[in-house]
Each structure stands twice: as C-alpha cells, then as structure tokens.
Amino acid sequence: MSGQDRPRPVVLGQNQYGKAETRVVRVTRDGEVHRLKDLSVSVALSGDMDAVHLSGSNAHVLPTDTMKNTVFAFAKEHGIASAEQFGVRLARHFTDSQEAIHRARIGIEQYDWERLTDAEGSGLPHSFVRKGQETRTARVEYDGGRCEVVSGLKDLVVMNTTDSEFWGFARDRYTTLAETRDRVLATEVNARWRHAWSTDEDPLPDWEASYGAVRAALLEAFAGTHSLSLQQTLYAMGARVLETRDEIEEIRLSLPNKHHFLADLEAFGLENANEVYFAADRPYGLIEATVLREGGSPRIPTEPTQG
Ligand SMILES: O=c1[nH]c(=O)c2[nH]c(=O)[nH]c2[nH]1
C-alpha cells in the first residue's frame, strides 16, 4: 500500500450460476417403436445476485437443484423436439418466472443414437448404437426480450486423401516444410452457427431440418473443394452454409489440421508414392475463422465457453 493508508474498495464483478451438465435421456414410445434424445444440459443464470455474494441472503437464488429438476420435468411435460427448442423453452422459463433473473444461457450437447438393424437390414424398434464421435451443440441466450440461438457440432472427423495442396507459403530461416501438390487433408470440424431467428414474431425455424442441412453443406464443401490451404477450405465451408441457408447469419469454424506426414521408407529401399502416412496427433495447426453476411456483426464468441 505504497503512499496510501486505505486499501482500494473491492467490488463484485460479472457473475452467473447454474447447474452444469445435467444428463437427460428422453425416450418417446410410439407403441413398439421407440425414439430417444440424449442431452447434456448446462444452465447459467445471472441477474440481481449482489445479496447472495455480499450478505449471504439467498432470497433471489433459485437453487441449482431446481434447475436440474426443471430439465427433467420439461423433458417429460414438453418432450425434446430439438436441442434448440428445448433450450429456448428453458431459457424463457427461468428468465420470465424469476424476477431476479435477467439473463439465461442454456448450453446443450446432444449425443445421437442410431437405430440398430436386424440381419435383413430392417430397423429394430428399441435398440440403438451411439453414433460415432460427433456431438451436436446448441446454445440459447435470453435476456427477457430476444433469444439468440447458436447451433453447432463438434468432433466431426473428415479426410480427403487427395485434392489438397500447400505451397507458395512465406519462408524464413526456420522454415523447413516442403511444398506439396498432393497431400492428405484431415480435420475435426468444430462449428457454431447463429440463427437469424430471435423472437416469436419471426417464423420459427425447423431446427432439425436446419441442422441436417448445415451439416450436409459443411461436408459437401469439404469434399468438393480442391484445397490450396485449410484456410481456403474453411472459408468454402462457411460460405456454403451462408449461401444455401437463409436462416443462418454467421458461422464460426475451428479446424485443427490433423497432419498426415509421409512415412520415410527410403531406409528400407521402399518408394512411398503417397501411400503410407504417419498420422501425428500433436502439435497440430489450428485454423479458425468466422464467416458472416456483409454488414453483419459477429456475435459468436471466439472462445467457446462452458455451456
Ligand atoms: O493448410 C495449411 N495451412 C497452414 O497455414 C499451414 N501451415 C503448415 O505448416 N501447414 C499448413 N497447411
């Protein structure tokens, strides 16, 4: 405390609280045939919460246990038509029913299950297998007025075994990378996209159809782009989504470059004509960008936050 006898006052800054990662599985029984939705739901609420931090009064604090209960009760009462719709319902519920809550953020991860088939290839009524690694995400923010819905997916691993080049790059004294006109391009797609929809005055999107179409557009652009860099492929993927889906305003992609290096077989007198690769897991290049409509403002955070 140089030159001052009194310490500077301390104040409470940004705060939020909620129940993270409530795992809810909703089975819908259509007679013999069942369907299921498997979610991890994280609720974060903020508002008039000075007292609980500063004086210990819990009068404004809806318990996080209640939030967990609400997730299960809503799954029963309303079903889970889509992660987005479920998130909007929860966000509105907490903000509109609790005077002290001014903002709700609902983060959802969705794990997809595929119906198992019998020996003839017909779908079994109530047996499923978890679908690959890919996880669907949704994030809803509601401030009592407008909703902001960001859908997404992560851990969708894709590879092109040709149609990828990387050359003509900047060099300095530490550059050793060889130019290539034919390499493997592999990445794990992590994408988040923001919907134009924000109030009930706008037509409600078909969240499920929209998700499927965005996923397909991303994969088509990845497969169909002759790549001169992962950056170029990233832009092509984002642009394809915005060009084909009017309901999307902005998309942010985070693409690790899952390097595949040609294995050196010369020591064994073997030629390696782009056939044998060493799949390195780290370090990896990390290519990230937002693609948005001209004049629009980017609103998807550059760092994903929990929930
Ligand atoms: O597509 C790529 N972009 C880069 O920026 C880069 N840097 C690198 O070493 N390899 C690659 N590949």
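Counting convention: from 1, in listed order, for ligands and their atoms alike.
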Would you say OH of Tyr235 has more than 12 non-hydrogen atoms from neighbouring residues, nucleotides or ligands within 6.0 angstrom?
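No, OH of Tyr235 has 12 or fewer neighbouring heavy atoms, counting only those of other groups under 6.0 Å.
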
Checking contacts here: is it the side chain or the backbone of Leu185 that comes within 4.0 Å of ligand 1, counting heavy atoms only? Could be both or neither.
neither

Report the part of Arg183 in contact with ligand 1, treating N, CA, C, O as backbone and CB onward as side chain, heavy atoms under 4.0 Å; options are side chain, backbone, both, neither.
side chain

Parallel, tilted or perpendicular, judged at 30° and 60°: which one describes the rings of Phe261 and His259?
parallel

May I ask you to decide if the ring planes of His34 and His126 are parallel, tilted or perpendicular, using 30° and 60° as cut-offs?
tilted

Within a distance under 4.0 Å of any heavy atom of [X], pick out the atoms of ligand 1 and give their elements.
X: Phe166; result: 1 (O), 2 (C), 3 (N), 4 (C), 5 (O), 6 (C), 7 (N), 8 (C), 10 (N), 11 (C), 12 (N)
X: Ser229; result: 1 (O)
X: Leu230; result: 1 (O), 2 (C)
X: Gln231; result: 1 (O), 2 (C), 3 (N), 4 (C), 5 (O)

Atom 9 (O) of ligand 1: which protein heavy atom is closest, and how many Å away?
Leu177 CD2, 3.5 Å

Side chains of Glu21 and Ser42: donor-acceptor distance under 3.5 Å anywhere?
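No, no side-chain donor-acceptor pair sits under 3.5 Å.
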
Do the side-chain N and O atoms of Ser164 and Arg183 include a donor-acceptor pair separated by under 3.5 angstrom?
yes

Stepwise side-chain contact (heavy atoms from CB on, under 4.5 Å) check, Val184 with Met159:
CA-CA 7 Å; Val184 164; Met159 179 188 291; 3.8 Å; yes

